[in-house]
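Structure, as structure tokens:
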2 protein chains.
Amino acid sequence: MKTKVQSGDKSEKRVFHNTDDCPIRNVVTQIGDKWSVLLLFALVEGPDRFNALKARVVGISQRMLTQTLRDLEREGYVNRTVYPEVPVKVEYELTALGRNLVQPLYQLVSWAETHHDEIKQSRIEYDNRG
Amino acid sequence: MKTKVQSGDKSEKRVFHNTDDCPIRNVVTQIGDKWSVLLLFALVEGPDRFNALKARVVGISQRMLTQTLRDLEREGYVNRTVYPEVPVKVEYELTALGRNLVQPLYQLVSWAETHHDEIKQSRIEYDNRG
DNA sequence: CTGCATCCCGGCAGATACTG
DNA sequence: CAGTATCTGCCGGGATGCAG
């Protein structure tokens, strides 16, 4: 989180930037997409193949599976291994960094499950107010 | 995280769904957008007004600030208070739920800052490989 | 089996102008 | 001050067809 303290400001509140070099944005942008978290949690259970992942992550298209896996690989969360058999076999597995990332994600998942009902209730009340 | 264990499957790997009723998706979808996290962290430092937030969160447009604040309010993370002065004054502050959410987010921020260099390096290597 | 290439459409988000 | 309204361009992502 890139921050600055404004000198001379009595409140001393921080200023927040949304740059490509902001650590939190790097992570949140990636895991915030529609499929990354589900794939990371799927791969926590062990390496898996392309079509196996496609079957386990319900609703993901071939295109988005490829793209998301490429992104996760680029960030360093996932390893891609090609076995030159016929037909070809490709296995994806978490890297050490990927397994490491899953820890704080678990915290968020746990939080989400705990407070899910509160959030749903809040939405209902908000929508009823107009 | 909504999961199922497939009976008869030797690997017993879970199946992941991406439904509107999935707790983790509810949270990740919201905080995963471009501005939510920055706004939550800005509001951790105390209540703040619309234009003050606009100045502190660099780069956010008026439209997106309004929209993101409305979304955060709907989820129950933010309270909106209107003071009927002239000109009108509107203050935003975190709810108990919002302050609570910030805790696991801190974990993620901390992780992101710690591993930022690894991620940047991974990207460079990936891009050099083609 | 594991993708890539292409077409295409709906929705996100910036810019701008207006209002209580 | 704190928004809403409208217009518009862009691109995320589905569907489909092809390839190593």
Side-chain angles (χ1 to χ4, degrees), chain A residues 11 13 17-20 25 28-39 42-43 47-75 78-93 126 129-130, chain B residues 11 13 16-20 25 28-39 42-43 47-75 78-93 126-127 129-130:
Chain A
S11 64
K13 284 181 175 169
H17 295 257
N18 189 356
T19 68
D20 287 347
R25 293 255 71 251
V28 166
T29 299
Q30 179 57 48
I31 66 135
D33 78 36
K34 205 174 178 183
W35 303 106
S36 287
V37 170
L38 294 181
L39 275 175
L43 287 172
D48 215 344
R49 301 178 57 177
F50 186 86
N51 277 337
L53 288 170
K54 188 170 187 311
R56 291 174 62 207
V57 180
V58 178
I60 194 170
S61 67
Q62 189 177 58
R63 175 191 171 88
M64 289 315 296
L65 179 56
T66 300
Q67 185 172 309
T68 306
L69 285 170
R70 291 292 176 281
D71 291 341
L72 294 175
E73 190 190 357
R74 182 171 186 266
E75 301 290 289
V78 164
N79 268 334
R80 177 175 181 270
T81 309
V82 181
Y83 297 91
E85 310 165 354
V86 250
V88 70
K89 166 182 165 184
V90 180
E91 237 181 29
Y92 295 90
E93 64 177 343
Y126 184 93
R129 274 180 277 141
Chain B
S11 64
K13 283 179 176 169
F16 295 83
H17 296 257
N18 189 355
T19 67
D20 287 345
R25 294 256 68 254
V28 167
T29 298
Q30 180 56 48
I31 65 133
D33 77 37
K34 204 174 178 184
W35 303 106
S36 288
V37 170
L38 294 181
L39 276 175
L43 288 172
D48 215 345
R49 302 177 58 174
F50 186 86
N51 278 336
L53 288 170
K54 188 169 186 310
R56 291 174 63 206
V57 180
V58 178
I60 194 170
S61 66
Q62 190 176 55
R63 174 192 173 89
M64 289 314 296
L65 178 56
T66 300
Q67 186 172 308
T68 307
L69 286 170
R70 291 293 178 280
D71 290 342
L72 294 175
E73 190 189 358
R74 182 171 186 265
E75 299 292 286
V78 165
N79 268 334
R80 177 175 181 270
T81 310
V82 180
Y83 297 91
E85 310 165 354
V86 252
V88 70
K89 165 182 166 183
V90 180
E91 239 181 24
Y92 295 90
E93 63 177 342
Y126 184 93
D127 293 342
R129 275 181 276 142

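Note that the structure is a prediction, hence the values are computed from the model and not measured. Residue numbering restarts at 1 for every chain, and letters A, B, ... go by the order of the sequence lines.
- Contacts of residues 63-73 of chain A with DNA chain D (heavy atom under 4.0 Å): A/R63, A/M64.
- Within the 4.5 Å cutoff, the side chain of B/L38 has no heavy atoms near those of the B/V58 side chain.
- Residues A/L53 and A/I60 are not in side-chain contact: their nearest non-hydrogen atoms beyond the backbone lie 4.5 Å or more apart.
- The two atoms that bring A/L72 and A/S36 nearest to each other are CD2-OG, 3.9 Å, heavy atoms only.
- Using a 4.0 Å heavy-atom cutoff across all strands shown, B/Y83 reaches no nucleic acid atom at all.
- Between atom CD1 of residue B/I31 and atom CD of residue B/E75 there is a gap of 11.5 Å, rounded to the nearest 0.5 Å.
- Residues passing the side-chain hydrogen bond (donor to acceptor under 3.5 Å, both in side chains) test with A/T29 are A/R25, sequence neighbours excluded.
- Put simply, OH on A/Y126 and CG on B/D71 are 7.5 Å apart, with the number rounded to the nearest 0.5 Å.
- Within the 4.5 Å cutoff, the side chain of B/T66 has heavy atoms near those of the B/F50 side chain.
- Listed by chain and number, the residues in a side chain to side chain contact (heavy atoms under 4.5 Å, CB included) with B/R63 are B/S61, B/Q67 (sequence neighbours excluded).
- If you walk DNA chain C from 5' to 3' and mark each nucleotide with an atom closer than 4.0 Å to a heavy atom of chain A, the marks span C/dC1 to C/dT6.
- Comparing the local axis fitted to the first five base pairs of the helix from C/dC1-D/dG20 to C/dG20-D/dC1 with the one fitted to its last five gives a bend of 50°, rounded to 10°.
- By the side chain to side chain contact (heavy atoms under 4.5 Å, CB included) test, A/N79 is found to be paired with A/E93, A/T95, residues two or more places apart in sequence or in another chain being considered.
- Note that the first and last nucleotides of DNA chain D, 5' to 3', having any atom under 4.0 angstrom from a heavy atom of chain A are D/dG13 to D/dG20.
- For A/E91, the side chain to side chain contact (heavy atoms under 4.5 Å, CB included) partners two or more places apart in sequence, or in a different chain, are A/P47, A/R49, A/Y83, A/K89.
- A search for side chain to side chain contact (heavy atoms under 4.5 Å, CB included) contacts involving B/V82 returns B/R80, B/V88, B/V90, not counting sequence neighbours.
- A/V57 has its side chain out of reach of A/L65: every pair of non-hydrogen atoms, C-beta onward, lies at least 4.5 Å apart.
- Summary of the strand contacts: A/D33 and A/P87 both lie near DNA chain D, and taking for each the nucleotide with the nearest heavy atom, the more 5' one is attributed to A/D33.
- B/E85 comes within contact range of no nucleotide atom at all, as no heavy-atom separation falls under 4.0 Å.
- Remark: B/D48 engages A/K13, B/R56 in a salt bridge (charged side-chain N to carboxylate O under 4.0 Å, His left out) (not counting sequence neighbours).
- Residue B/V90 is in sugar-phosphate contact alone, with no base atom involved, counting any heavy-atom pair closer than 4.0 Å across all strands shown.
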